[in-house]
Amino acid sequence: MKFFVDTADTAEIRDLAETGLLDGVTTNPSLIHKAGRDFLEVVREIAGIVPGPVSAEVVALDHKEMLREAEILRRIADNIAVKVPLTVDGLKTCKALSGEGTMVNVTLCFSANQALLAAKAGATFISPFVGRHDDTGFDGMQIISEIRTIYDNYDFATQILVASVRHPVHVLQSAMIGADVMTAPPAVIRQLFRHPLTDRGIEAFLADWGKTGQSI
Ligand code: G3P
């Protein structure tokens with residue numbers, strides 16, 4: 001499973017990229033707002049840090065205007081994936097862009113049927129939001145299973161990009177189901193490294209090493 005980080009914080013991206021774990025980056029208008037930086041400038045910087053896909057989202061709602069914005073975004077770098085919402089205009093834009101060889105991430109997906117439409121429109125990635133789905137009292141991961149089955153039934157090449165990941169269990173379940181990608185905030189990716197027994201083990205080893213009086 002590929003690991004994307006869901007942030008526009010370039011310091012975090014640089015630090016996580018050093019672990020060799022990062023396969024890509026996703027951003028959205030809220031994350032750009034949080035970063036407090038110029039949109040095009042920050043996306044250009046991110047695309048230079050991570051060689052994998054970097055999602056940058058259009059904000060227009062109509063097809064023509066989405067295409068105009070997408071043109072600006074895809075010119076930033078070869079590894080830009082244009083992010084469009086799962087609407088009729090969004091999928092028209094997806095169809096047009098993917099036909100020209102541009103990577104497209106279809107976002108704000110909340111059902112397996114929506115994911116089926118995105119795959120038929122040629123999406124590179126479909127982003128079902130599991131956390132936001134959980135928030136409404138449903139099981140977000142159930143949709144990931146359904147999409148996996150549908151995509152496998154018809155050999156769709158669209159990659160399932162699990163988004164709105166809130167905790168390590170979402171990551172575990174994504175991998176168990178066979179999602180292609182998951183995108184998580186930096187804090188959740190950092191949580192994956194941690195285990196109390198690892199910390200306790202290091203403490204015990206260091207205590208015993210101290211007693212040997214040796215150094216390396
Ligand atoms: O980037 C899209 C998605 O990951 C947003 O997550 O936590 O705002 O629901 P969240």
Side-chain angles (χ1 to χ4, degrees), residues 1-6 23-31 43 52-74 78-136 138-166 170-171 173-175 177-184:
M1 185 168 70
K2 291 175 206 158
F3 274 33
F4 289 3
V5 64
D6 200 26
D23 300 299
V25 178
T26 49
T27 67
N28 62 40
S30 303
L31 293 171
V43 168
V54 174
S55 291
E57 189 161 342
V58 299
V59 289
L61 296 178
D62 75 283
H63 173 50
K64 268 195 181 161
E65 189 57 15
M66 278 186 197
L67 278 180
R68 188 192 66 78
E69 293 180 357
E71 188 54 35
I72 293 168
L73 297 178
R74 71 174 174 181
D78 289 342
N79 56 334
I80 296 297
V82 175
K83 212 170 174 187
V84 300
L86 208 152
T87 59
V88 172
D89 288 68
L91 292 192
K92 279 186 193 170
T93 306
C94 173
K95 182 84 193 156
L97 292 174
S98 56
E100 293 169 4
T102 298
M103 287 189 286
V104 183
N105 178 355
V106 177
T107 189
L108 290 165
C109 169
F110 291 92
S111 78
N113 273 339
Q114 287 182 315
L116 175 57
L117 299 180
K120 288 175 75 69
T124 315
F125 302 104
I126 181 67
S127 289
F129 279 27
V130 293
R132 292 192 196 185
H133 215 93
D134 290 352
D135 292 343
T136 63
F138 292 91
D139 177 9
M141 295 312 300
Q142 176 62 34
I143 292 168
I144 305 302
S145 296
E146 291 169 2
I147 301 171
R148 181 74 283 156
T149 301
I150 292 169
Y151 282 10
D152 289 348
N153 281 349
Y154 298 100
D155 281 335
F156 282 121
T158 301
Q159 297 178 50
I160 303 172
L161 193 171
V162 182
S164 190
V165 164
R166 301 273 171 78
H170 277 152
V171 179
Q173 291 174 324
S174 300
I177 292 166
D180 303 283
V181 192
M182 74 88 204
T183 189

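- One distance of note links CE of Met1 with CG of Leu161; it measures 10.0 Å at 0.5 Å rounding.
- Summarising the local packing, CG of Asn153 is surrounded by more than 12 heavy atoms from other residues, nucleotides or ligands at distances under 6.0 Å.
- The shortest non-hydrogen separation linking Phe110 to His133 is O-CE1, 3.0 Å.
- The backbone N or O of Phe125 lies less than 3.5 Å from no partner atom in the side chain of Thr158, so there is not a single donor-acceptor pair.
- Checked for salt-bridge contact, Arg166 and Asp135 meet the test: a charged N lies under 4.0 Å from a carboxylate O.
- No donor-acceptor distance shorter than 3.5 angstrom exists from the side chain of Arg148 to the backbone of Ala179, with no hydrogens or angles considered.
- Using a distance-only test at 3.5 Å, with no hydrogens or angles considered, a donor-acceptor pair links the side chain of Ser174 to the main chain of His170.
- Side-chain atoms of Glu71 do not come within 3.5 Å of backbone N or O of Leu67 as any donor-acceptor pair.
- In this structure, Asp6 CG and Met182 CE are separated by 9.5 Å, a value rounded to the nearest 0.5 Å.
- Here the side chain of Tyr151 pairs a donor or acceptor atom with the backbone of Ala115 at under 3.5 angstrom.
- At least one donor-acceptor pair closer than 3.5 Å links the side chain of Asp134 to the backbone N or O of Gly140.
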Could you go step by step and tell me if Gln173 and Ile144 meet the side-chain contact (heavy atoms from CB on, under 4.5 Å) rule?
CA-CA 9 Å; Gln173 291 174 324; Ile144 305 302; over 6 Å; no
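- No side-chain donor-acceptor contact under 3.5 Å links Asp23 to the backbone of Phe4.
- Looking at heavy atoms from C-beta onward, Ile143 lies out of side-chain contact with Val130 at the 4.5 angstrom threshold.
- Summarising the geometry, atom CG belonging to Leu116 is positioned 11.5 Å from atom CD belonging to Glu146; distances are rounded to the nearest 0.5 Å.
- For the residue pair Ala70 and Val82, the shortest heavy atom distance occurs at CB-CG1, 3.8 Å.
- To the nearest 0.5 Å, atom CD of residue Glu57 and atom CE of residue Met66 are 9.5 Å apart.
- Shown are Thr107, Thr183, Asn105; of these, the side-chain hydrogen bond (donor to acceptor under 3.5 Å, both in side chains) with Ser127 is made only by Asn105.
- The main-chain N or O of Asp180 is never found under 3.5 Å from a side-chain atom of Lys2 such that the two would form a donor-acceptor pair.
- Inspection of the Thr26 and Ser55 side chains reveals no N or O donor paired with an N or O acceptor under 3.5 Å.
- Summarising the local packing, CG of Leu61 is surrounded by 12 or fewer heavy atoms from other residues, nucleotides or ligands at distances under 6.0 Å.
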